[in-house]
Peer 1: 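Can you read through this structure? Questions will come right after.
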Amino acid sequence: MKGYDHKLIEKKWQKEWSKKNLYKTSENTDKLKCYVLDMFPYPSGEGLHVGHPKGYIATDIYSRYKKMTGYNVLHPMGWDAFGLPAENFAIKNKIQPRIAVEQNIKHFKEQLSLIGFNYDWEREINTTDPAYYRWTQWIFLKLHERGFAYESHEPINWCPTCQTGLANEDLEGNVCERCGTVVEKRPMRQWVLKITDYAERLLKDLEGLEWPESIKESQRNWIGRSEGALIKFPISNFQFSIEVFTTRPDTLFGATYLVLAPEHQLTQELFAGVTNQEEVKKYIEGVKKKTEIERTAEGKEKTGVELRGIKAINPANNKEIPIFIADYVLAHYGTGAIMAVPAHDERDFAFAKKFGLPVVEVISGGDIQKGAYTGGGILVHSGQFDGSKSEEAKKAITLFVGGEMKTTYKLRDWVFSRQRYWGEPIPIIHCEKCGVVPVPESDLPVTLPEVESYEPTGTGESPLADIASWVNTTCPKCSGEAKRETNTMPQWAGSSWYYLRYIDPHNDTALVDKEKEKYWSPVDMYVGGAEHATRHLIYARFWHKFLYDIGTVHYEEPFKRLQHVGLVIAEDGRKMSKRYGNVVNPDDVVATYGADTLRLYEMFMGPFDQSVAWNTESIIGARRFLEKVWRLKERIKNEESTIENKKLESLLHKTIKKVSEDIEGFKFNTAISSMMMFVNEVEKESEIPRTLYSTFLILLAPFAPHITEELWEMLGHDMSIHLEKWPQYDESKTRSDTATIAVQINGKVRDTFEISADADEDEVKTRALSLESVRKWTEGKEIKKFIYVKNKLVSIVV
RNA sequence: GCCGGAGUGGCGGAAUUGGUAUACGCGCACGACUCAAAAUCGUGUCUCGCAAGGGAUGUGGGUUCAAGUCCCACCUCCGGCACCA
């Protein structure tokens with residue numbers, strides 16, 4: 001028998017599978033379905049490194065396994081190709097983004113095909129294809145129609161390097177997530193999506209999802225729900241009041257001043273009552289000049305200015321209290337105004353100390369001489385509420401002053417427009433007469449025009465604004481002269497619904513066929529990086545819920561189960577990056593060791609969701625294992641069809657059980673180790689039952705599809721091993737006839753012995769006590785306790 | 001500061017959920033085959049000890065016949081949020 005030649009075998013079978021269209025998705029809806037999805041890649045110019053395929057290998061194994069266990073599986077792949085990286089790559093390399101993307105996709109696809117994935121390429125999608133983004137635009141129109149897309153002129157985050165506005169989700173702290181530049185606040189017209197209307201549902205529905213706790217927690221933090229109250233503070237001698245949001249209405253009696261954010265809009269009439277207008281204006285101007293970091297970097301050092309001449313009235317005790325403007329209060333959260341309770345809030349305490357404001361304790365339990373006490377407790381100095389508990393007082397005091405209970409969220413509306421070329425055009429027309437007019441659905445897609453220069457203008461207009469022939473159009477309503485919206489959608493738009501497109505990839509009359517959607521949705525298993533926790537995974541859930549509300553989809557959540565891939569770190573412990581020159585290319589690993597070895601190694605490295613450093617030395621272990629499997633074939637005993645060797649049969653059933661359970665649980669490392677143990681055991685035999693070997697090959701097939709297919713053919717099968725049924729294990733056969741019992745004396749293992757698995761306690765006790773090593777420890781001593789754990793151990797206390 | 005996750009040999013990591021800690025793999029050492037090397041196969045490989053035994057799962061306590069696993073206190077690392085009232 002010739003040696004294991006991975007190059008020959010892998011090429012042969014990849015060709016064969018594609019010729020036979022082995023991985024075409026079946027539309028037979030009688031079977032149970034399983035939708036297995038990868039987060040589709042961004043086809044960058046750098047190509048794949050060995051970290052990229054890790055998740056794809058896992059879904060490949062999982063989907064092959066699901067198919068073999070009888071499911072109808074949908075396992076597609078596509079390209080998320082709009083957005084800044086593609087555009088920047090194109091600018092840098094002086095090439096049209098469309099062409100650059102085409103080239104990159106071709107390269108990615110070639111690299112992926114070497115690894116032997118079972119994608120159904122007939123369902124390949126590309127977010128930059130007009131036939132695709134027509135539906136992205138359609139969703140925007142629907143959002144607009146229902147009031148979930150609106151124009152805003154609020155200051156937003158502007159990245160001076162990327163020269164575009166950004167959403168909150170695109171920042172890391174106050175730095176652009178993509179290029180690391182500090183962002184500025186810039187007022188500009190922009191399209192915003194009302195994701196905040198979905199905050200409560202996005203939060204609540206996390207409960208029912210089989211997602212990693214860490215990702216759910218990130219989303220909870222991001223949504224940032226807090227319960228509190230809205231309370232109005234009247235202004236002395238005016239008809240106005242200032243409303244504040246607080247989570248601690250129980251401390252209302254301790255509110256000794258109010259603070260407004262510098263951006264807070266005071267009415268002119270009220271401002272007229274302020275006696276130190278110049279000072280206030282100067283302070284507000286000063287704050288505006290500061291960048292976001294300067295404001296926060298100053299940290300706890302509080303600044304502010306009092307609005308002299310006007311006073312607020314604490315509605316709980318009718319005392320007059322001063323009003324300040326200070327930049328430690330954020331304009332966009334709550335009402336942009338707070339009641340300050342220095343005795344029970346650290347920030348207010350620091351401010352009060354600096355400005356010499358009174359600190360009134362209203363909750364007992366702390367020492368307000370030393371600092372703010374932020375815990376709960378019994379109310380004091382709170383009039384009729386003295387003696388009640390803070391939890392109960394919250395609602396009572398709110399009602400008492402005529403406030404209302406209110407829930408707020410940190411989540412901000414999604415800034416949805418980008419001043420860049422390479423994105424979906426927003427399907428809106430601006431007409432002087434009719435104002436903002438949505439493009440009629442029948443006119444979709446609004447295609448992205450070819451352009452001479454797609455470099456950003458930096459003026460807050462996208463490069464599209466320069467193409468007069470595209471910009472100038474007629475109003476769909478009045479047929480008068482009108483201009484197209486020149487902002488484009490953010491990178492996250494296309495990826496917020498792509499999983500629905502795979503279900504019905506060529507539909508041009510509806511986003512997705514209702515029947516098909518009903519069958520395939522939701523995604524049963526979704527695999528990708530944890531870095532998408534508070535972006536893609538929130539946006540997609542938002543859009544999905546919206547599509548649910550308008551009746552496009554039948555299920556409220558897009559991704560039922562989610563697994564996240566741990567990163568593959570470079571051998572030097574750093575991130576794999578061209579910059580560090582530590583990138584390992586999967587093509588090279590495939591050439592040297594083969595795709596099956598690469599697949600096995602990546603799954604064997606460690607727990608799937610944990611990041612692990614690549615180790616070139618260790619790859620050989622996976623290859624050796626495959627070599628063993630290959631050589632094992634020579635020892636097959638051909639004639640018989642049942643397994644007579646009881647020990648091997650039991651081992652096989654144990655292995656089937658372990659591998660099946662581990663694939664379900666995404667524990668590929670231990671699945672592989674149990675197969676290694678199986679091979680190590682079987683290797684000791686001079687003759688191997690044929691059935692045993694072929695059953696084992698089926699177990700290995702999802703992990704190493706090429707070598708198993710070749711061996712399968714050598715065993716004389718005509719049909720592909722990947723169409724075989726997954727073997728069933730017999731629970732009774734997974735149990736051995738004998739058990740090894742460990743004997744502990746005072747908690748220490750002193751000896752072990754073999755006993756038949758159905759032996760009763762008396763028998764075990766007799767055997768255990770008769771052991772010489774046990775007698776040595778028990779001689780002349782009283783046995784205080786004897787514990788028997790069935791088929792495991794006995795524990796003797798003397 | 002709040003929340004979530006983790007800490008086990010030289011290295012990557014196992015441990016049926018309270019039941020023989022270190023499976024599986026890498027590396028290393030020795031041996032076989034070979035003129036030699038590679039590959040392959042075999043043996044060994046937590047630690048102290050000649051042995052009998054003792055000690056080890058970040059640290060210190062506790063519960064239990066029995067703790068990597070449960071409880072309390074602490075240390076370190078990773079991730080999310082953060083002047084969010």
Side-chain angles (χ1 to χ4, degrees), chain A residues 3 172-173 212-226 228 244-248 251 255 259 261 295-296 298-302 326-330 332-341 344-348 350-351 374 408-412 530-531 533-534 600-601 604-607 609-622 624-625 627-628 631 654 657-658 661 667 669-680 683 734 740-752 776 784-798:
Chain A
E172 274 171 11
E213 193 49 43
S214 59
I215 293 189
K216 287 195 198 180
E217 192 59 24
S218 294
Q219 292 209 349
R220 283 188 204 112
N221 286 340
W222 190 257
I223 295 166
R225 180 184 204 271
S226 61
V244 305
F245 173 74
T246 177
T247 55
R248 294 297 302 272
T251 63
V259 190
R295 262 176 84 165
T296 46
E298 283 163 16
K300 306 290 177 232
E301 186 57 34
K302 301 279 181 287
D327 67 357
Y328 80 93
V329 173
L330 306 173
H332 55 70
Y333 186 75
T335 61
I338 62 155
M339 63 179 214
V341 185
H344 304 291
D345 182 281
E346 282 166 22
R347 295 151 303 185
D348 299 342
F351 190 86
T374 56
T408 57
Y409 304 88
K410 288 187 205 167
L411 186 70
R412 303 261 68 83
E531 70 274 15
T534 55
L600 224 37
Y601 172 64
F604 186 62
M605 287 172 88
D609 56 358
Q610 200 173 295
S611 51
V612 207
W614 185 261
N615 186 326
T616 308
E617 268 189 340
S618 294
I619 305 170
I620 194 70
R624 280 182 193 150
F625 168 65
E627 301 260 7
K628 281 186 193 176
R631 269 184 270 116
K654 275 183 199 161
K657 185 179 181 191
K658 179 76 178 150
E661 287 172 356
K667 293 193 252 175
N669 55 334
T670 48
I672 292 167
S673 104
S674 76
M675 288 191 282
M676 286 172 165
M677 281 158 80
F678 176 86
V679 166
N680 290 346
E683 237 187 353
T734 62
T740 309
I741 307 292
V743 185
Q744 293 185 347
I745 295 160
N746 288 349
K748 289 208 184 300
V749 178
R750 296 299 179 187
D751 207 348
T752 60
K776 191 175 124 195
K784 288 188 189 152
K785 233 176 200 175
F786 184 91
I787 293 155
Y788 174 51
V789 183
K790 187 146 174 69
N791 293 342
K792 286 241 164 68
L793 55 72
V794 299
S795 184
I796 302 168
V797 187
V798 294

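Per chain, numbering begins at 1; letters A, B, ... match sequence-line order. Quick caveat, the model's predicted, so the values are computed rather than measured.
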Peer 1: A:F625 CZ to B:rA23 P: how many Å, rounded?
Peer 2: 18 Å
Peer 1: Need one value for A:K667: base, sugar-phosphate or nothing, where a base atom within 4.0 Å counts as base even if backbone is also close, heavy atoms only.
Peer 2: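 It contacts nothing in the nucleic acid.
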Peer 1: Across all strands shown, which nucleotide pairs with B:rG7 by Watson-Crick or G-U wobble geometry, both distances under 3.5 Å?
Peer 2: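 Check on B:rG7: paired to B:rC75, both distances under 3.5 Å.
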Peer 1: If you look at every strand shown and take non-hydrogen atoms under 4.0 Å, does A:E627 touch a base, only sugar-phosphate, or nothing?
Peer 2: nothing
Peer 1: Could you please name the partner base of B:rC30, counting Watson-Crick and G-U wobble pairs only when both distances are under 3.5 Å?
Peer 2: B:rG42
Peer 1: Have a look at B:rU45 and give me syn or anti from its glycosidic angle (syn if within 90° of zero).
Peer 2: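 That one's anti.
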Peer 1: With no hydrogens and no angle check, do the side chains of A:K628 and A:N680 hold a donor and an acceptor under 3.5 Å apart?
Peer 2: yes
Peer 1: Is the shortest side-chain heavy-atom distance between A:N746 and A:V797 below 4.5 Å?
Peer 2: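 Counting from C-beta outward, A:N746 and A:V797 do come under 4.5 Å.
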Peer 1: Could you please name the partner base of B:rG1, counting Watson-Crick and G-U wobble pairs only when both distances are under 3.5 Å?
Peer 2: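 Base partner found: B:rC81.
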Peer 1: Using both distances under 3.5 Å as the test, list the Watson-Crick or G-U wobble partner of B:rU57, or none.
Peer 2: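 By the stated definition (distances under 3.5 Å), nothing pairs with B:rU57.
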Peer 1: Would you call A:Y601 and A:W614 a side-chain contact if the rule is heavy atoms closer than 4.5 Å?
Peer 2: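 Side-chain contact under 4.5 Å: yes.
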Peer 1: Quantified in whole Å, what is the P atom distance between nucleotide B:rG60 and nucleotide B:rA67?
Peer 2: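 Here B:rG60 and B:rA67 have their P atoms 16 Å from each other.
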Peer 1: Does a nitrogen or oxygen in the side chain of A:Y333 sit under 4.0 Å from OP1 or OP2 of B:rA85?
Peer 2: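 Looking at the OP1 and OP2 atoms of B:rA85, one of them is under 4.0 Å from a side-chain N or O of A:Y333.
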Peer 1: Kindly indicate whether the side chain of A:F604, heavy atoms from C-beta on, has any atom under 4.5 Å from the side chain of A:V612.
Peer 2: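 A side-chain contact under 4.5 Å is absent here.
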Peer 1: Expressed as a whole number of Å, how far does the C1' atom of B:rG9 sit from that of B:rU17?
Peer 2: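 Approximately 24 Å lies between the C1' atom of B:rG9 and that of B:rU17.
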Peer 1: Counting only side-chain heavy atoms from C-beta out, which of B:rG12, B:rA14, B:rC26 sits nearest to A:T670?
Peer 2: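 From the listed options, B:rA14 comes nearest.
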Peer 1: Assign each of A:T534 and A:A337 to its nearest nucleotide of RNA chain B by heavy atoms, then name whichever residue's nucleotide is nearer the 5' end.
Peer 2: A:T534
Peer 1: Could you state the CZ-P distance from A:R220 to B:rC2, rounded to the nearest angstrom?
Peer 2: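 Answer to the nearest Å: 19 Å.
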Peer 1: Is there a side-chain contact between A:I787 and A:Q744 (heavy atoms, below 4.5 Å)?
Peer 2: no
Peer 1: Suppose you measure atom C1' in B:rC24 against the same atom in B:rC70; what distance do you get, rounded to whole Å?
Peer 2: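 Nearest-Å result for B:rC24 against B:rC70 at atom C1': 28 Å.
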Peer 1: Nearest-Å distance, CZ (A:R248) to P (B:rA85)?
Peer 2: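 That distance rounds to 11 Å.
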Peer 1: Any strand counts, and the cut-off is 3.5 Å on both contacts for Watson-Crick or G-U wobble. Which nucleotide pairs with B:rA21?
Peer 2: none
Peer 1: Atom NZ of A:K790 to atom P of B:rG18: distance rounded to whole Å?
Peer 2: 21 Å
Peer 1: Please classify the nucleic acid contact of A:R412 as base, sugar-phosphate, or nothing, using heavy-atom distances under 4.0 Å.
Peer 2: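 No contact.
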Peer 1: For the side chain of A:R750, starting at C-beta, report the closest nucleotide among B:rC24, B:rU40, B:rG54.
Peer 2: B:rG54
Peer 1: How many angstroms lie between OG in A:S795 and NZ in A:K748, if you round to the nearest 0.5 Å?
Peer 2: 12.0 Å
Peer 1: Going by an N to O cut-off under 4.0 Å, is there a salt bridge joining A:E627 and A:R624?
Peer 2: no
Peer 1: How long is the straight-line distance from CG of A:L330 back to NZ of A:K410, given to the nearest 0.5 Å?
Peer 2: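 One finds 10.5 Å between NZ of A:K410 and CG of A:L330.
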Peer 1: Between B:rC77 and B:rC71, how far apart are the C1' atoms? Round to whole Å, please.
Peer 2: 24 Å
Peer 1: Rounding to an integer number of Å, can you tell me how far A:Y328 OH sits from B:rA82 P?
Peer 2: 19 Å
Peer 1: Which value, in whole Å, describes the distance between the P atoms of nucleotides B:rA39 and B:rG27?
Peer 2: 9 Å
Peer 1: Could you check which of B:rC81, B:rU20, B:rC83 has an atom nearest any side-chain atom of A:T740?
Peer 2: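 So the nucleotide nearest the side chain must be B:rU20.
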Peer 1: For a quick check of understanding: with a heavy-atom distance under 4.0 Å over all strands, which category does A:T752 fall into, base, sugar-phosphate or nothing?
Peer 2: base
Peer 1: Starting at CE of A:M339 and ending at C1' of B:rA85, how long is that distance when rounded to a whole Å?
Peer 2: 9 Å
Peer 1: Categorize A:S673 for me: base, sugar-phosphate, or nothing, with a 4.0 angstrom heavy-atom threshold over every strand shown.
Peer 2: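 Counting heavy atoms under 4.0 Å across all strands, the contact made by A:S673 includes a base.
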Peer 1: So what does A:I620 touch, heavy atoms closer than 4.0 Å: a base, only the sugar-phosphate, or nothing?
Peer 2: sugar-phosphate
Peer 1: Among the candidates B:rC41, B:rC24, B:rA85, find the nucleotide nearest to the side-chain atoms of A:K628.
Peer 2: B:rC41
Peer 1: State, yes or no, whether a side-chain contact exists between A:K654 and A:F678 at a heavy-atom distance under 4.5 Å.
Peer 2: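 SC-SC contact between A:K654 and A:F678 ruled out.
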Peer 1: Give the rounded distance in Å between these two atoms: NZ of A:K792 and P of B:rA21.
Peer 2: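 Checked: the NZ to P distance equals 13 Å.
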Peer 1: So, OP1 or OP2 of B:rU40: does either fall under 4.0 Å of a side-chain N or O from A:R624?
Peer 2: yes
Peer 1: When we call it a touch if two heavy atoms are under 4.0 Å apart, what does A:K784 touch: a base, just sugar-phosphate, or nothing?
Peer 2: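 No contact.
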Peer 1: Taking the nucleotide of RNA chain B with the closest heavy atom to each, which residue, A:S226 or A:A613, is nearer the 5' end?
Peer 2: A:A613
Peer 1: The side chain of A:Q610 lies closest to which of these nucleotides: B:rG13, B:rA23, B:rU16?
Peer 2: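 Ranking B:rG13, B:rA23, B:rU16 by closest atom to the A:Q610 side chain puts B:rG13 first.
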Peer 1: Are A:K302 and A:Y328 in a cation-pi contact, defined as NZ or CZ under 6.0 Å from the six-membered ring centre and within 45° of the axis?
Peer 2: yes
Peer 1: Roughly how far apart, to the nearest Å, are B:rU57 and B:rA23 at atom C1'?
Peer 2: 15 Å
Peer 1: Do the side-chain N or O atoms of A:N680 get closer than 4.0 angstrom to the phosphate oxygens (OP1, OP2) of B:rG25?
Peer 2: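 Result: yes.
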Peer 1: What distance, rounded to whole Å, do you find between the two P atoms, one in B:rC78 and one in B:rG68?
Peer 2: 27 Å
Peer 1: What is the base-pairing partner of B:rC70, counting Watson-Crick and G-U wobble geometry with both distances under 3.5 Å?
Peer 2: B:rG62
Peer 1: At under 4.0 Å, does any side-chain N or O of A:N669 touch on OP1 or OP2 of B:rA14?
Peer 2: yes
Peer 1: A:T374 and A:D345: which non-hydrogen atoms are nearest, and at how many Å?
Peer 2: CG2-CA, 4.2 Å
Peer 1: Taking B:rC3 as the reference, what is the distance to B:rG54 when you measure between their C1' atoms (whole Å, please)?
Peer 2: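 My reading of the C1' atoms in B:rG54 and B:rC3 gives 43 Å.
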Peer 1: Using O4'-C1'-N9-C4 for purines and O4'-C1'-N1-C2 for pyrimidines, with syn meaning within 90° of 0, is B:rG9 syn or anti?
Peer 2: syn
Peer 1: Please produce a list of atom pairs where a protein N or O lies less than 3.5 Å from an N or O of nucleotides 61-67 of chain B.
Peer 2:
from: B:rC65; atom 1: OP1; to: A:K785; atom 2: NZ; distance (Å): 2.5
from: B:rC65; atom 1: O2; to: A:S795; atom 2: OG; distance (Å): 2.6

Peer 1: Checking all strands, does A:P607 fall into the base, sugar-phosphate, or nothing category for heavy-atom contacts under 4.0 angstrom?
Peer 2: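 The residue A:P607 makes sugar-phosphate contact but no base contact.
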Peer 1: Any side-chain N or O of A:K658 less than 4.0 Å from the OP1 or OP2 oxygen of B:rC24?
Peer 2: no
Peer 1: Side chain of A:R631, heavy atoms from C-beta onward: which of B:rC24, B:rC41, B:rG12 has the nearest atom to it?
Peer 2: B:rC41
